[in-house]
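Being a predicted model, the structure only gives us computed values, none of them experimental. In the text below, chain A, chain B and the rest are named by the order of the sequence lines, each starting its count at 1.
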Amino acid sequence: MQTTPETRVYNTINGKKETFSPLEPGRIGIYVCGITAYDYCHIGHARSALVFDMIVKYLRYRGFQVKYVRNFTDIDDKIIKRANERNTSCEVLSDEFIRAFHEDMAALGVAPADIEPKATEHVDDIISIIKDLIQRELAYPAGGDVYFRVTRFKEYGTLSGRDLDEMQAGARIEVNENKEHPMDFALWKASKPGEPTWESPWGPGRPGWHIECSAMSRKYLGDTFDFHGGGKDLIFPHHENELAQSVGASGKPFARYWLHHGFVTIKDEKMSKSLGNFLTIREVLERFHPEVLRLLVFSSHYRSPLDYSEAALDDAATGLDRLYQCLAAIKGIPKTKATETTIAQSDRERLEGLEGRFNEAMRDDFNSARALGIIFEVVKTINRIVQENKDGLPPQYLDLVSSTGKKITELATIMGLLTQEPDEYLRRKREEMLTGIDISAEKIENLIRERTEARALKDWSRSDAIRDQLLEHGIILKDGPEGTSWSVKKQT
RNA sequence: GGCGGCGUAGCCAAGUGGCUAAGGCAGUGGUCUGCAAAACCAUUAUUCAUCGGUUCGACUCCGAUCGCCGCCUCCA
């Protein structure tokens, strides 16, 4: 654990990068809004999970004890609607997609949150917080519903940077006679026939969307805690309303730092269910290694938009191979006793400076893109050293190179990258590619043997014919010092 | 209409009031090879949407213009 230099984070609430200091020294509480479980997750959800996975892992690497809470919304309008369409219950439906979510996260290598609470398991906590709000006259029951009284909460709008008058001007709000003010929002909704229902002081009903997060964050992290995160689209109304509810109920500060990540776009348009331009996580993982997606995601800053395309993933895949190939190459350097070979001072400094520069980047609002750039720089330096010292390196230099390799692996792991054994990764990659090829490995090996004989006889035309034959099957040959190896051509 | 963000090489993407404007992909040149391929190395922006202003000095700060995107309704 290093003496921690300051970490700076961009806080949505004031639009500034601030120096982070935890509420309690050494400990961090973070609440992230998870999914509404009624469908498979798309790449946008993946980005959210990956970004906060990285942030939590980084904070832990920095020595903080992190309590990470990410909820599931398992009761809401969309779930009710979908359950009705499918002729099933909300519970069955949301369970199914929570399971699917866990599968997707496991496939992505995203660690589970420490606590993953569900709204339906916290109805008592929700009711209790609503009572507090009513008592403080920040909420009122009306026609079986309960609404938050926005005009009573002076700071309403501070998170999203708007004020009530502005919002009303351009508002597209449904008419609701029960509400005192058009911007008042539901804390509790009277249930309609056939909907899941809980008893409450205001009659049978169910929680509104925002209140669950106020109740669950309070329960697991307390009234005031460090980080609250989610996608930019949650800033308004979800987080604005949460803030109002929580501060309203407790009279204390709520989240101290608000982190919001940018969207995944496709052709520069937001990926969303309503636009229908989304890809599910499982669809993408059918075609790409999870670390490829991670490399793409962390190649841009978490607050920027991220444009998704197959081409971008192809690029990322090539980049990932480069990283793994470097690590594999390090293992191949022979050790020599020679003392003639040296590594230039500037190169040594580059290798030794890796962790410091990596941290400089990550400390600055989790700038994973810059951090990756630094890793790639070091990889390039190592590749050059390896190239220039094919005959081997003396022990002290070999130690430097291999410990740098280990450090690269350690740091990349914060982003969930380079988690496999390099040889294993490269081997499996080849195997996976072979599945789309209409020729067996055995047959390939036989042809290679035949070609080797031809080459020994300098029968180049025969040799080239065999190479062309294999190329038709998508197999590329490589003649190296230890004989001929082969790989599968990239599919285009 | 209100609020916010973005515009950096062929593509993606960091970054800074003044040292060589990271890095990845693609391209080009080389090493290697019988020729290739793969891998590796080298190289690729006198310039940061446009026009003004502040400054000794701006791509970085300010203003305007153009273009793109997001939020204001469910949404990661």
For a quick check of understanding: with a heavy-atom distance under 4.0 Å over all strands, which category does [X] fall into, base, sugar-phosphate or nothing?
X        : answer
A:Ala312 : nothing
A:His238 : nothing
A:Gly373 : base
A:His261 : base
A:Gly15  : nothing
A:Val264 : base

Query raised in the report: Can you check whether A:Ile343's main-chain N or O pairs, donor with acceptor, with A:Arg348's side chain at less than 3.5 Å?
Result: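 Side chain of A:Arg348 to backbone of A:Ile343: a pair is present.
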Query raised in the report: Is there a donor-acceptor pair under 3.5 Å between the side chain of A:Asn277 and the backbone N or O of A:Ser272?
Result: yes
Taking [M] as the reference, what is the distance to [N] when you measure between their [atom1] atoms (whole Å, please)?
N     : M     : atom1 : answer
B:C41 : B:G15 : P     : 25 Å
B:U31 : B:A38 : C1'   : 13 Å
B:C69 : B:C25 : P     : 30 Å
B:U65 : B:A26 : P     : 42 Å
B:G23 : B:U8  : C1'   : 14 Å
B:C51 : B:G7  : C1'   : 15 Å
B:U55 : B:C12 : C1'   : 34 Å
B:U43 : B:U20 : P     : 15 Å

Closest listed nucleotide, where the reference is the side chain of [X] and the choices are [options]:
X        : options             : answer
A:Phe376 : B:C74, B:G24, B:C69 : B:G24
A:Lys270 : B:A76, B:G24, B:A14 : B:A76
A:Leu234 : B:A26, B:A76, B:A14 : B:A76
A:Arg322 : B:A76, B:A14, B:C40 : B:C40
A:Arg370 : B:C72, B:G15, B:A76 : B:G15
A:Asp233 : B:A26, B:A76, B:A42 : B:A76
A:Ser300 : B:A13, B:A26, B:A76 : B:A13
A:Thr36  : B:G23, B:A76, B:G70 : B:A76

Rounded to whole angstroms, how far apart are [atom1] on [X] and [atom2] on [N]?
X        : N     : atom1 : atom2 : result
A:Ile266 : B:A76 : CD1   : C1'   : 14 Å
A:Tyr324 : B:A38 : OH    : C1'   : 20 Å
A:Asp268 : B:C12 : CG    : C1'   : 12 Å
A:Arg162 : B:G70 : CZ    : P     : 15 Å
A:Ile448 : B:A37 : CD1   : C1'   : 12 Å
A:Asn277 : B:G70 : CG    : C1'   : 14 Å
A:Tyr38  : B:A76 : OH    : P     : 7 Å
A:Met415 : B:A13 : CE    : P     : 17 Å

Query raised in the report: Is the Lys NZ or Arg CZ of A:Arg70 less than 6.0 Å from the centre of A:Phe52's six-membered ring, within 45° of the axis?
Result: no
Requested in this report: Start with the C-alpha distance between A:Phe254 and A:His239, add both sets of side-chain angles, then the distance that settles ring pair (Phe, Tyr, Trp, His ring centres under 6.0 Å), and finish with yes or no.
Outcome: CA-CA 11 Å; A:Phe254 187 43; A:His239 287 163; 8.7 Å; no
Using OP1 and OP2 only, check whether a side-chain N or O of [X] sits under 4.0 Å from [N].
X        : N     : value
A:Arg70  : B:A76 : no
A:Asn383 : B:C41 : yes
A:Arg384 : B:A39 : no
A:Lys380 : B:A42 : yes
A:Ser304 : B:A14 : yes

Report summary line: Assert: residue with more 5' nearest nucleotide on RNA chain B, out of A:Gly161 and A:Val379, is A:Gly161
**Report entry** Given RNA chain B, 5'-ward residue of the pair A:Ala311 and A:Cys33, judged by closest heavy atom
**Finding:**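 Whichever sits nearer the 5' end wins; that is A:Ala311.
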Query raised in the report: Which residues satisfy the side chain to side chain donor-acceptor pair (under 3.5 Å) test with A:Tyr58, sequence neighbours excluded?
Result: A:Arg62, A:Asn359
Query raised in the report: Between A:Lys331 and A:Glu421, is there a salt bridge with N-O shorter than 4.0 Å?
Result: yes
Enclosure of [X] [atom1] (heavy-atom neighbours >12, cutoff 6.0 Å):
X        : atom1 : result
A:Lys273 : NZ    : yes
A:Asp468 : CG    : yes
A:Lys443 : NZ    : no

Pairing nucleotide - [N], Watson-Crick or G-U, each distance under 3.5 Å:
N     : value
B:G63 : B:C51
B:A14 : none
B:A39 : B:U31
B:G4  : B:C69
B:U46 : none
B:A21 : none

Query - ring pair (Phe, Tyr, Trp, His ring centres under 6.0 Å) assessment of A:Phe101 paired with A:His45 - result: CA-CA 10 Å; A:Phe101 173 85; A:His45 300 111; 8.3 Å; no
Report task. Sugar-phosphate atoms are those with a prime plus P, OP1 and OP2; base atoms are the rest. Using that split, label each nucleotide of nucleotides 28-36 of chain B B, S or - for protein heavy atoms under 4.0 Å, 5' to 3'. Result -> ------BBB
Query raised in the report: What is the ring orientation for A:Phe366 with A:Phe227, classed by angle as parallel under 30°, tilted 30 to 60°, or perpendicular over 60°?
Result: perpendicular
